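Step one of this worksheet: look at the structure below.
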Number of protein chains: 2
Amino acid sequence: MTTERDRSAAIRLFGRYLRDLGLPVTQQREVVADVVFGAAGHLSVDDIADTLRGCGERIGKATIYRTLDLLVRSRLVAEHDFGEGFKRYEHRLSNHPIHEHLICLECGKVVEFESNELYRVENNVRREYGFVPVRRRLEIYGLCKECHEAGVELPLEGLTCPIETV
Amino acid sequence: MTTERDRSAAIRLFGRYLRDLGLPVTQQREVVADVVFGAAGHLSVDDIADTLRGCGERIGKATIYRTLDLLVRSRLVAEHDFGEGFKRYEHRLSNHPIHEHLICLECGKVVEFESNELYRVENNVRREYGFVPVRRRLEIYGLCKECHEAGVELPLEGLTCPIETV
DNA sequence: GTCCATGCAAACCTTTTGCACTATA
DNA sequence: TATAGTGCAAAAGGTTTGCATGGAC
């Protein structure tokens with residue numbers, strides 16, 4: 001969650017970003033940004049549209065998409081694709097601006113975690129492949145603690161013979 | 001790349017998978033599978049359709065999508081989303097069935113690499129969060145060796161002030 | 001002969017775009 | 001007042017689905 005102070009500070013930062021680019025700071029942009037900065041989790045565009053509708057704000061989806069594009073460019077917001085067929089958006093105001101995601105295949109819950117090992121991985125690829133890392137994405141899909149403890153089993157649909165032995 | 005032997009073995013495995021499920025082994029399914037198993041890289045559906053057209057095969061896209069679904073379910077093929085707006089497919093017959101991807105933001109090249117650190121990461125999340133990992137996805141975006149050596153610089157569009165200091 | 005697959009086109013879903021109108025600076 | 005944004009609806013692009021026909025078993 002975001003504190004009220006972080007939230008308004010973020011909106012001011014977004015305004016600064018827009019002004020630096022010579023773009024107008026419109027009401028719609030501020031309202032969309034406020035929804036994103038004030039939310040805890042990973043919002044879909046529909047989530048944002050629903051929230052706005054709940055507040056009595058009448059903002060078109062095109063404007064939401066266009067504002068999200070600016071928010072992502074400003075790096076105040078991260079865009080995610082968890083394979084659901086649409087994108088999700090998450091502000092980066094937490095104490096852990098760089099984190100990865102655990103996604104439960106049963107209930108869809110997303111847990112965030114940090115991994116220091118990833119820095120080692122990035123150093124390795126830089127050294128071994130000459131590849132210069134800029135950003136990364138690590139998602140681990142599986143069963144969250146609650147689903148696992150509830151005894152959920154995931155059906156394995158693949159070949160009975162593991163392909164590694166082909 | 002796949003050897004001719006692996007390729008035909010894979011097609012036989014796919015046939016077995018279909019028969020185990022009581023599904024017909026059709027010509028179209030075998031041809032699509034053959035294209036995927038015979039290709040080196042990460043194929044888009046259009047890549048597959050083009051290859052088929054080049055062979056004089058007249059197979060509808062719906063069939064390609066439906067066959068890819070079966071191939072992915074059989075776990076002989078992996079599905080990827082590199083954020084291009086469409087999926088890519090890669091057979092899993094290599095010597096390194098589990099690998100991650102380095103994706104060049106400049107030229108789009110995809111390099112595969114393996115990371116033992118990831119096992120450690122998975123053990124950590126299991127221990128710390130009670131999360132049971134099933135599959136993972138690690139993609140590192142950046143500049144490949146060639147683009148980096150060619151002096152390519154990526155434009156940074158974000159706020160000048162890093163958000164970590166908000 | 002019974003299913004199921006195929007191919008085509010239409011539908012679907014998210015995202016993007018064109019355009020007349022409105023608001024910012 | 002110039003410039004850019006907004007909202008709506010239409011378009012775009014990848015993927016899925018319905019349905020009549022054809023093929024697998």
Side-chain angles (χ1 to χ4, degrees), chain A residues 11-12 14-36 42-53 55-74 77-89, chain B residues 11-12 14-36 42-50 52-53 55-74 77-89 108:
Chain A
I11 294 179
R12 263 180 277 120
F14 184 47
R16 192 183 99 192
Y17 173 76
L18 293 172
R19 273 185 290 272
D20 282 355
L21 264 61
L23 301 176
V25 180
T26 65
Q27 282 189 19
Q28 288 90 334
R29 284 174 178 169
E30 292 201 313
V31 173
V32 171
D34 191 44
V35 169
V36 177
H42 306 80
L43 299 171
S44 68
V45 170
D46 275 346
D47 291 336
I48 297 170
D50 290 347
T51 304
L52 290 170
R53 214 172 299 119
C55 304
E57 298 283 351
R58 199 180 316 283
I59 295 185
K61 271 202 182 163
T63 299
I64 299 175
Y65 277 105
R66 287 186 277 227
T67 304
L68 284 169
D69 184 52
L70 290 165
L71 284 165
V72 170
R73 277 183 208 273
S74 78
V77 167
E79 184 182 75
H80 297 297
D81 181 348
F82 296 144
E84 302 166 293
F86 52 86
K87 306 269 178 57
R88 288 188 178 274
Y89 298 86
Chain B
I11 294 179
R12 263 179 278 120
F14 183 47
R16 192 182 99 192
Y17 173 77
L18 292 173
R19 273 185 290 271
D20 283 355
L21 264 61
L23 300 176
V25 180
T26 64
Q27 281 188 20
Q28 289 91 333
R29 283 174 177 168
E30 291 201 314
V31 173
V32 171
D34 191 45
V35 169
V36 177
H42 306 81
L43 298 173
S44 67
V45 170
D46 276 345
D47 291 339
I48 297 169
D50 290 348
L52 291 170
R53 213 171 301 119
C55 304
E57 299 282 350
R58 200 179 313 283
I59 296 184
K61 271 202 181 162
T63 299
I64 298 176
Y65 277 105
R66 286 186 277 230
T67 304
L68 284 170
D69 185 51
L70 290 164
L71 286 165
V72 170
R73 277 181 208 273
S74 78
V77 167
E79 184 182 76
H80 297 297
D81 181 348
F82 295 144
E84 300 167 295
F86 52 86
K87 305 270 178 57
R88 289 187 176 274
Y89 298 86

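Treat the numbers as computed from the prediction; the structure is a model and nothing was measured.
- Here B:R58 contributes atom CZ and B:Q28 contributes atom CD; the two are 12.5 Å apart, rounded to the nearest 0.5 Å.
- In this structure, the CG atom of A:L21 is 16 Å from the C1' atom of C:dT24, given to the nearest Å.
- Atom pair A:E30:CD and C:dA23:C1' shows a separation of 13 Å (rounding to whole Å applied).
- Regarding contacts with the backbone of C:dT6, a side-chain N or O of B:T26 is found under 4.0 angstrom from either OP1 or OP2.
- Here A:Q28 reaches the OP1 or OP2 of D:dG7: one of its side-chain N or O atoms lies under 4.0 Å away.
- Here C:dC4 is the nucleotide among D:dG5, D:dC8, C:dC4 with the atom lying nearest to any side-chain atom of B:P24.
- The separation between A:D81 atom CG and D:dG14 atom C1' is 13 Å, rounded to whole Å.
- Residue A:K61 is the one, among B:Y89 and A:K61, whose nearest nucleotide of DNA chain D lies closer to the 5' end (criterion: closest heavy atom).
- Tested against B:F14, the residues B:T67, B:V77, B:V36, B:V32 include a single side chain to side chain contact (heavy atoms under 4.5 Å, CB included) partner, B:T67.
- We find that CZ of B:R66 is positioned 15 Å from C1' of D:dG14, with the value rounded to whole Å.
- Contacts of A:R58 with the nucleic acid, taken as non-hydrogen atoms under 4.0 Å apart, involve only primed sugar atoms and P, OP1 or OP2.
- Within 4.0 Å (heavy atoms only), A:R29 reaches sugar-phosphate atoms of the nucleic acid but no base atom.
- Summarising the local packing, CD of B:E79 is surrounded by more than 12 heavy atoms from other residues, nucleotides or ligands at distances under 6.0 Å.
- D:dG22 atom P lies 16 Å from atom CD of B:Q27, rounded to whole Å.
- Formation of a donor-acceptor pair under 3.5 Å by the A:D47 side chain with backbone atoms of A:S44 is found in this model.
- At whole-Å resolution of the value, CD1 in B:I64 and C1' in C:dG7 are 11 Å apart.
- The 5' end of DNA chain D is approached more closely, in terms of each residue's nearest nucleotide, by B:E84 than by the other of B:E84 and B:V25.
- Rounded to whole Å, atom C1' of D:dG7 lies 14 Å from atom CZ of A:R53.
- A pairwise comparison of heavy atoms in A:R19 and A:V25 identifies NH1-CG2, 3.6 Å as the closest pair.
- Between the C1' atom of C:dC12 and the CZ atom of A:F86 lies a distance of 15 Å, rounded to the nearest Å.
- Using a 4.0 Å cut-off, no side-chain N or O of A:Y65 falls inside it from OP1 or OP2 of C:dT16.
- With D:dT17, D:dT6, C:dT15 as the choices, the nucleotide that has an atom nearest any side-chain atom of A:K87 turns out to be C:dT15.
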